[in-house]
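First up is the structure itself, then whatever we jot down about it.
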Amino acid sequence: MDNKDIIILAVESSCDETAAAVVKNGREVLSNVISSQIATHSLYGGVVPEIASRQHIKAIDWVIDAALDEAGVKKEDIDAVAVTYGPGLVGALLVGLSEAKALAFALDKPLVPVHHIEGHIAANYIQRKDWEPPFICEVISGGHTHIVHIKDYSDFEILGHTRDDAAGEAYDKVARVLGLPYPGGPRIDALAKEGDPEAVLFPRVVLESDTYDFSFSGLKSAVLNYVNKAEMKGEEYNRADIAASFQQAVVDVLVEKAVRACNERGLKKLALAGGVSANSHLREEMLSACNKEGIELCVPDLVLCTDNAAMIGSAGYYEYIKGNIADMSLNAYPGLKLGER
Ligand code: KG4
Ligand code: ZN
């Protein structure tokens, strides 16, 4: 390893994945270890915060050791410890944060606070080593839906956000009504492949013509009403058609807003981030819309779309070189907004 290389150990525990990674110079992933709690939470139909915290406590030590081992890096050789400090579930965040603080203190290394969404955005820097700001990023996860103008590595302008449910939340709720287990996104993605996206015309809520805000709760309710009505009347309905029609309504809105933001800002570069960007239909439709408009599209690999610590290591690198170092009083902020410190 070069003397000038910056090695970051990153820790992520904001929701239901306990994750640690070692990242070199913000772009090269030396290890990316994820311990998923999905199997446990799916028994309850969603993430149970108290169970999440307990599972993080069980996993955090071995996940960090495994990340260091796999990277072939000794604790003493890292330059900084980066950690997600918000947004997320407070109890879950505190597990990763306490561990990162203890490590930074014991090793006498800087502690770098990372915003979870900034991490999702940074997944694109790992995906494409040559990908640089400025660009438009559509952040679509279980808890967030944002269109962001990325002006520089940590200079963001939020152009729009959801006024109610996040895109992933709508996926998860619709999946539940269709009898699919948590998390619903990947299940709907798979089921929709067997259905007709034009079978049912669900509403595309674009709101005012000039806004980048989203609203998914009307669409979610329309699907729930459709299914409930059919069940009450004892009518048959095709679950695959509903999944495909719902998904098409989400994808149409996500594509329209992202492409419009690029064109209006005169930025011919678009990146996707967050769990919903793993959606296969969205990836296809976004790519074809971008090709038509001459927009270059960057989409992280599946493992970098959903929660992981490599993305935190990348965002952490850019915070570190800017000198954003926290002291031992750093707390967890469950409702932290993007661009807030
Ligand atoms: O980014 P993420 O892992 O966690 C948050 O920060 O929220 O996103 C999780 C969300 C869940 O709602 C999940 O259903 C959704 O991403 N998701 C998908 C797919 N894979 C995960 N949604 C649609 N299609 C997928 N293939
Ligand atoms: Zn996330």
Side-chain angles (χ1 to χ4, degrees), residues 10-19 21 32 34-38 41-42 45-47 49 52 83-89 92-93 96 114-124 137-146 148 161-162 165-178 180-193 195 197 214 216 219-220 223 243-244 246-251 253-255 271-286 299-312 314-315 334-336 338:
V11 178
E12 153 66 40
S13 69
S14 65
C15 189
D16 58 351
E17 332 276 359
T18 319
N32 188 19
I34 304 169
S35 166
S36 175
Q37 309 175 359
I38 284 177
H41 296 294
S42 68
V47 177
V83 64
T84 307
Y85 72 116
L89 301 168
L93 285 164
V114 177
H115 191 292
H116 182 74
I117 299 300
E118 199 179 323
H120 274 301
I121 295 167
N124 289 282
C137 187
E138 190 167 54
V139 183
I140 32 182
S141 72
H144 305 270
T145 310
H146 288 311
V148 191
H161 56 81
T162 182
D165 292 353
E169 209 176 333
Y171 263 97
D172 294 338
K173 287 180 180 157
V174 165
R176 196 190 297 197
V177 84
L178 292 177
L180 301 167
Y182 173 85
R187 309 285 178 153
I188 292 201
D189 193 347
L191 183 62
K193 291 192 199 306
F214 299 91
F216 291 108
L219 168 62
K220 174 196 70 188
V223 180
F246 157 75
Q247 177 162 276
Q248 191 62 53
V250 176
V251 167
V253 173
L254 291 175
V255 170
L272 299 185
V276 180
S277 40
N279 188 264
S280 62
H281 190 54
L282 174 68
R283 292 163 90 101
E284 282 163 21
E285 298 250 316
M286 197 67 89
V299 190
D301 287 343
L302 295 191
V303 69
L304 295 171
C305 284
T306 46
D307 288 349
N308 66 88
M311 67 185 198
I312 303 302
S314 176
L336 189 69
L338 191 61

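Indexing begins at 1, ligand by ligand and atom by atom, following the structure's order.
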Option from N279, L254, V250 for which side chain to side chain contact (heavy atoms under 4.5 Å, CB included) with I140 holds: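 That would be L254; it is the only one of N279, L254, V250 passing the side chain to side chain contact (heavy atoms under 4.5 Å, CB included) with I140.
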Protein N, O or S atoms less than 2.8 Å from the Zn ion (ligand 2), ignoring waters?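 Checking every protein N, O and S atom gives H116 NE2, H120 NE2, D307 OD1.
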Look at [atom] and say which protein heavy atom is nearest, naming residue and atom and giving the distance to 0.1 Å.
| atom | answer |
| --- | --- |
| atom 24 (N) of ligand 1 | N279 ND2, 3.0 Å |
| atom 3 (O) of ligand 1 | D307 N, 3.2 Å |
| atom 22 (N) of ligand 1 | G185 CA, 3.3 Å |

Which part of [X] is near ligand 1, with near meaning a heavy atom under 4.0 Å away: side chain, backbone, both or neither?
| X | answer |
| --- | --- |
| D172 | side chain |
| H116 | side chain |
| D189 | side chain |

Candidate pair L304 and N32, rule side-chain contact (heavy atoms from CB on, under 4.5 Å), full reasoning: CA-CA 9 Å; L304 295 171; N32 188 19; 4.2 Å; yes
Checking H115 side chain against I117 main chain: does a donor-acceptor pair fall under 3.5 Å?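 Checked: pair present.
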Is the backbone of I38 close enough, under 3.5 Å, to the side chain of S36 for a donor and an acceptor to pair up by distance?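 Pair found, side chain donor or acceptor close to backbone of I38.
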Go through ligand 1 atom by atom and flag the ones less than 4.0 Å from a non-hydrogen atom of [X].
| X | answer |
| --- | --- |
| G168 | 12 (O) |
| T306 | 3 (O) |
| G143 | 7 (O) |
| H120 | 1 (O), 6 (O) |

NZ/K193 to CD1/I188 distance, rounded to the nearest 0.5 angstrom?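 With rounding to 0.5 Å, NZ (K193) is 12.5 Å from CD1 (I188).
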Rounded to the nearest 0.5 Å, how far does CG of L178 lie from CZ of R187?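 That separation rounds to 13.0 Å.
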Aromatic plane relationship, H116 with H120 - under 30° parallel, 30 to 60° tilted, over 60° perpendicular: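 Judged by the thresholds at 30° and 60°, the geometry between H120 and H116 is perpendicular.
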Using a distance-only test with no angle check, is there a side-chain donor-acceptor pair under 3.5 angstrom linking S14 and E12?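 Judged by distance alone, the side chains do pair up.
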When you compare the side chains of N308 and E17, does any donor N or O come within less than 3.5 Å of an acceptor on the partner?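 Looking only at side-chain atoms, E17 and N308 do not form any donor-acceptor pair under 3.5 Å.
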Report the member of S280, C15, G275 with the shortest heavy-atom distance to atom 21 (C) of ligand 1.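 Residue with the shortest heavy-atom distance to the ligand atom: G275.
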Candidate with minimal heavy-atom separation from atom 7 (O) of ligand 1, of P186, A170, G142: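 Answer by nearest heavy atom: G142.
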Would you say the rings of F216 and Y171 are close, in the sense that their centroids are separated by under 6.0 Å?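 Not close enough - the centres of the two rings lie 6.0 Å or further apart.
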Quick check: are there more than 12 heavy atoms from other residues, nucleotides or ligands sitting under 6.0 Å from CZ of R176?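 Open.
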Could you walk me through whether V139 and T145 pass the side-chain contact (heavy atoms from CB on, under 4.5 Å) check? CA-CA 5 Å; V139 183; T145 310; over 6 Å; no
